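To start, the structure under review is shown below, and the notes come after it.
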Amino acid sequence: MERGFGLRRYVLALRKKKLIILLVMMISFLIGLFFNYDAKDDEYKAQASVYSSEFGAYVNSENEKYLVRDYSDIIKSKKIADRAALLINSKQLSGNKIKSMISYSYNEKSPVYYIYATSNDEKVSKVVANAVAKAFEIEMNSLLGKDKVKILDSAYTSEKVFDGKKEQVFNIGIITIIGMFISIIIIIINSCISCKVETVSDATLNGKIEILGVIPNFDVD
């Protein structure tokens, strides 16, 4: 049978199958809850910075950018991490643990290094960032034989860079919405290929034939 693809037909089909849509959404919600039952821990990042007048003296030198880059790698070294662990003096924060928490950035035209520490604990992130900055200051002054490296800014605050609860709610919501859309698409496709008469337009082949009469719907005792 030739049939049109009217919006009314699809709306009627979705209304009739609304319980199925709700059921699929509930199942999708439970699936999302199952895979995201435990929210991941929040993550905090603290920033400290160190300044070196030794590197600043090389502003007009072609080799300055290589000096800054090469010395910056020391920040992520195990030696710095182990020294920072000694400064903190905590059984929970080993050198390897601290090393995994540290990142850094710098500008080749600037003698300032920015040291970041990321942790699930806001306080720990600040403590580690400051300890690594101090360890780097000690190590570089020992290496250069001069008191040229100084802490510019200590980490007094930290920024939440990952919200575990927010991600959990987002993931569950996305899975639920996907389930809903899949059920809607299946219902629409099924309605599209079905030969069942759903509307008056279907009965008249979209106005190509006339209706002689309509049989009323009534109950017979």
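Predicted, not measured: the structure shown is a model, and the values here were computed from it. Only this structure's heavy atoms are used, side chains among them; waters, hydrogens and symmetry mates stay out.
At least one side-chain heavy atom of Ile172 sits under 4.5 Å from a side-chain heavy atom of Phe29. Side-chain contact between Glu167 and Lys40 is present, with at least one heavy-atom pair separated by less than 4.5 Å. The closest side-chain heavy-atom distance from Phe170 to Asn36 is not below 4.5 Å. The shortest side-chain heavy-atom distance between Ile80 and Ile74 falls under the 4.5 Å cut-off. Between Ile187 and Ile21 there is a side-chain heavy-atom pair separated by less than 4.5 Å. For the pair Tyr44 and Glu159, the minimum side-chain heavy-atom distance is 4.5 Å or more. Between Leu93 and Ile98 there is a side-chain heavy-atom pair separated by less than 4.5 Å. Residues Met101 and Val124 are in side-chain contact: their nearest non-hydrogen atoms beyond the backbone lie under 4.5 Å apart.
In this structure, Glu139 pairs ionically with Arg83, as a charged nitrogen and a carboxylate oxygen lie closer than 4.0 Å.
Tyr116 and Ser125 are not linked by any side-chain donor-acceptor pair at a separation below 3.5 angstrom, with hydrogens and angles left out of the test. Defined by atom type and a distance below 3.5 Å, a donor-acceptor pair is missing between the side-chain atoms of Asn130 and Tyr156.
Rounding to the nearest 0.5 Å places OG1 of Thr118 at 12.5 Å from CZ of Phe162. Note that the CD1 atom of Ile27 and the CE atom of Met180 stand 15.0 Å from one another [nearest 0.5 Å]. Rounding to the nearest 0.5 Å gives a distance of 9.0 Å between NZ of Lys126 and CG of Asp121. Considering CZ of Phe136 and CG of Asn141, their distance stands at 9.5 Å, rounded to 0.5 Å. Atoms CG and CG, on Asp42 and Asp163 in that order, are 5.0 Å from each other to the nearest 0.5 Å. If you take OG1 on Thr176 and CG on Asn171, they are separated by 10.5 Å, rounding to the nearest 0.5 Å.
Criterion: ILVMFWY side-chain heavy atoms under 4.5 Å apart, direct or through other members. Under it, Tyr113 and Leu143 are part of a common hydrophobic cluster. Under the 4.5 Å side-chain heavy-atom criterion for Ile, Leu, Val, Met, Phe, Trp and Tyr, Phe34 and Ile31 are members of the same hydrophobic cluster. In terms of hydrophobic clustering, with Ile, Leu, Val, Met, Phe, Trp and Tyr side chains grouped at heavy-atom distances under 4.5 Å, Leu22 and Met26 are assigned to different clusters. Linking Ile, Leu, Val, Met, Phe, Trp and Tyr whenever their side-chain heavy atoms come within less than 4.5 Å leaves Val169 and Leu33 in two separate clusters. Phe181 and Ile20 are not part of a single hydrophobic cluster, where members link through side-chain heavy atoms under 4.5 Å apart.
Taking the six-membered ring for Trp and the full ring otherwise, Tyr114 and Tyr104 have centroids separated by 6.0 Å or more.
Ala39 and Gly164 make their closest contact through CB-O, 3.9 Å (heavy atoms, listed as atom of the first residue, atom of the second, distance). Contact detail for Ala135 and Leu87: the closest heavy-atom pair is N-CD1, 3.9 Å. Between Ser77 and Lys99, the shortest heavy-atom contact is C-CE, 4.1 Å. Between Ala129 and Ala48, the closest heavy-atom pair is O-CB, 3.8 Å. Listed here is the closest heavy atom pair of Ala85 and Gly95: CB-N, 3.8 Å. Heavy-atom minimum distance, Val161 versus Lys45: CG1-CB, 3.8 Å.
One N or O on the side chain of Gln168 and one on the backbone of Tyr37 form a donor-acceptor pair closer than 3.5 Å.
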Check the pair Val112, Val50 against side-chain contact (heavy atoms from CB on, under 4.5 Å), reporting the backbone distance first and the verdict last.
CA-CA 6 Å; Val112 178; Val50 293; over 6 Å; no

Please walk me through it: do Val24 and Ser28 pass side-chain contact (heavy atoms from CB on, under 4.5 Å)?
CA-CA 6 Å; Val24 172; Ser28 300; 4.0 Å; yes

Go through the steps to decide whether Leu19 and Leu23 satisfy the test side-chain contact (heavy atoms from CB on, under 4.5 Å), and finish with yes or no.
CA-CA 6 Å; Leu19 291 179; Leu23 179 61; over 6 Å; no

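For Lys76, the NZ atom sits in a packed shell: over 12 heavy atoms of surrounding residues, nucleotides or ligands are nearer than 6.0 Å.
A cation-pi geometry, defined here as NZ or CZ lying under 6.0 Å from the six-membered ring centre and within 45° of its normal, does not hold between Lys150 and Tyr51.
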